[in-house]
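Report on one structure; see the data block that follows.
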Amino acid sequence: MFGALKIAFHTHQPISAFKSLTQSTPRGFHAMALRFAEQKNTMNPVRPELGASSLFGDVSAHVNEVPVEQGGKATVKEYQFSTANFKTSTKKLRLLANQIKGLDIQNAINQMEFSQKRPGKRVMNTLAFARTNATTQEKYAMDASKLYVDRAWVGKGIYHRRIKTHARGKFGVMHHPTAHLKFTLKERQSESTEAGRAMRRNIRGWKQTKKVWTPLIEDKPIYNPTRTYNW
């Protein structure tokens, strides 16, 4: 550039040389920006058919996904909910978790409603609130008649310390435990989809327990009865 200006001044034509330099494309940062803008207008990027996708996800797998009506694989919906930490122990709350595990949502609510355990009312309200969320939220939109408690487990919360006074000016420390209950709700599938490895295990003889007690047949006579009551 400076060489061209030097030659122009020697030939006494500086204005024409300066116009030719300004009309030509510069070689600096602005030239790169102009080239990039021209290429951007001519580029036709290939975009997936989906609206939004994850940066690390496989977009082609979602685009080529086959719907359920055409024989595709159905996705199992799951809704997880939890109670807040409240004053109870994990040992007491675990009994209620084992009681509602595997039950239908309405049956689990009924069991907690008539339970004599103190945390039963808290668990009942949480189950009813979780059922409402799972059926009304657009993200899940689950069927209330098919909901059941798939899993239920107990977590430990904060242990509050309190002073316990003793005789002769001594004292100890009391611990008031807190715990919370977590559970997952799923839609109960048909018997054909649930039958699988579990049914094969039953065929092989798994989970076959010995029959302990059979009801008494009234027509059958009793020989050598005992002199005490059996009940």
Side-chain angles (χ1 to χ4, degrees), residues 74-166 170-215 231:
T75 57
V76 179
K77 295 181 180 179
E78 180 178 329
Y79 181 76
Q80 182 174 332
F81 203 73
S82 173
T83 64
N85 290 328
F86 60 99
K87 188 177 179 182
T88 185
S89 64
T90 55
K91 183 178 180 180
K92 297 175 182 177
L93 195 57
R94 193 177 294 114
L95 298 175
L96 299 180
N98 295 334
Q99 185 177 357
I100 66 174
K101 191 184 303 181
L103 298 179
D104 293 338
I105 185 66
Q106 185 59 44
N107 191 8
I109 291 174
N110 295 340
Q111 293 293 331
M112 293 297 102
E113 183 180 0
F114 297 100
S115 177
Q116 296 182 356
K117 304 291 184 182
R118 183 180 295 177
K121 301 299 180 183
R122 187 73 173 263
V123 177
M124 179 195 69
N125 295 333
T126 308
L127 287 171
F129 191 70
R131 179 180 61 178
T132 305
N133 290 347
T135 54
T136 56
Q137 291 182 4
E138 296 181 0
K139 182 180 178 181
Y140 302 98
M142 305 172 76
D143 190 0
S145 60
K146 298 181 181 180
L147 284 180
Y148 75 101
V149 183
D150 181 52
R151 293 181 298 163
W153 65 96
V154 178
K156 184 168 61 174
I158 302 174
Y159 276 64
H160 300 285
R161 298 185 189 181
R162 297 295 181 266
I163 295 176
K164 184 178 182 180
T165 57
H166 294 288
K170 298 181 181 180
F171 67 93
V173 179
M174 292 187 298
H175 295 278
H176 295 289
T178 60
H180 59 271
L181 174 68
K182 291 184 178 182
F183 55 89
T184 57
L185 301 179
K186 286 185 178 181
E187 290 183 346
R188 198 176 292 278
Q189 304 294 330
S190 59
E191 297 180 357
S192 59
T193 57
E194 289 184 354
R197 189 175 181 184
M199 293 297 294
R200 292 198 300 269
R201 284 185 174 182
N202 291 335
I203 291 173
R204 294 173 186 171
W206 287 62
K207 299 181 182 179
Q208 289 184 1
T209 59
K210 185 178 179 181
K211 204 168 185 179
V212 180
W213 177 83
T214 55
W231 61 79

Can you run down the salt bridge (charged side-chain N to carboxylate O under 4.0 Å, His left out) pairs that involve residues 82-98, sequence neighbours left out, and say none if there aren't any? none
Partners passing side chain to side chain contact (heavy atoms under 4.5 Å, CB included) against Lys164 (at least two apart in sequence or in another chain): His166, Met174
Return the minimal non-hydrogen interatomic distance between Ala144 and Ile105, and the atom names on each side. O-CG2, 3.9 Å
With Ala97 via side chain to side chain contact (heavy atoms under 4.5 Å, CB included) - residues at least two apart: Ala152, Val154, Leu181
Measuring from atom NZ of Lys77 to atom CG of Leu185, what distance do you get when rounded to the nearest 0.5 angstrom? 13.5 Å
Check the pair Asp150 / Phe183 against side chain to side chain contact (heavy atoms under 4.5 Å, CB included), numbers first and verdict last. CA-CA 7 Å; Asp150 181 52; Phe183 55 89; over 6 Å; no
By the ring pair (Phe, Tyr, Trp, His ring centres under 6.0 Å) test, which pairs, at least two apart or in different chains, include something from residues 118-147? Tyr79-Tyr140, Phe81-Phe129
Pairs involving residues 96-106, ordered by first then second residue, that meet salt bridge (charged side-chain N to carboxylate O under 4.0 Å, His left out) (sequence neighbours left out): Asp104-Arg188
What residues form a side-chain hydrogen bond (donor to acceptor under 3.5 Å, both in side chains) with Asn125, not counting sequence neighbours? none
If you take all heavy atoms of Thr90 and Ala179, which pair is closest and at what distance? CG2-CB, 3.8 Å
Residues in side-chain hydrogen bond (donor to acceptor under 3.5 Å, both in side chains) contact with Ser145, at least two apart in sequence or another chain: Asp143
Excluding sequence neighbours, so at least two apart, what forms salt bridge (Lys or Arg N to Asp or Glu O under 4.0 Å) with Arg151? Glu78
Using the side chain to side chain donor-acceptor pair (under 3.5 Å) rule, collect all pairs that involve residues 172-181, keeping only residues at least two apart or in two chains. Asn85-His180
Side-chain touch Val123/Leu96, heavy atoms, less than 4.5 angstrom: yes
Does some side-chain heavy atom of Lys186 sit less than 4.5 Å from a side-chain heavy atom of Leu147? no
Sub-4.5 Å side-chain heavy-atom contact between Val173 and Arg162: no
With a 4.5 Å cut-off on side-chain heavy atoms, are Trp153 and Leu93 touching? no
What residue pairs, at least two apart or across chains, pass ring pair (Phe, Tyr, Trp, His ring centres under 6.0 Å) with a residue in residues 84-128? none
Test of understanding: with side chain to side chain contact (heavy atoms under 4.5 Å, CB included), list the residues that count as partners of Leu95, not counting sequence neighbours. Lys117
Once you round to the nearest 0.5 Å, how far does NZ of Lys139 lie from CG of Asn133? 12.0 Å
Minimum heavy-atom distance between Lys121 and Glu113, given as atom pair plus value: NZ-O, 2.7 Å
Run the side-chain hydrogen bond (donor to acceptor under 3.5 Å, both in side chains) test against Asn110 and tell me which residues pass, sequence neighbours left out. Gln106
Measuring from Ile100:CD1 to Met124:CE, what's the distance to the nearest 0.5 Å? 12.5 Å
Identify the two heavy atoms, one from Ala84 and one from Arg122, that lie closest to each other, and give their separation to 0.1 Å. CB-NH2, 4.0 Å
Taking Ser115 for its side chain and Gln111 for its backbone only, find out whether a donor-acceptor pair lies under 3.5 Å. no
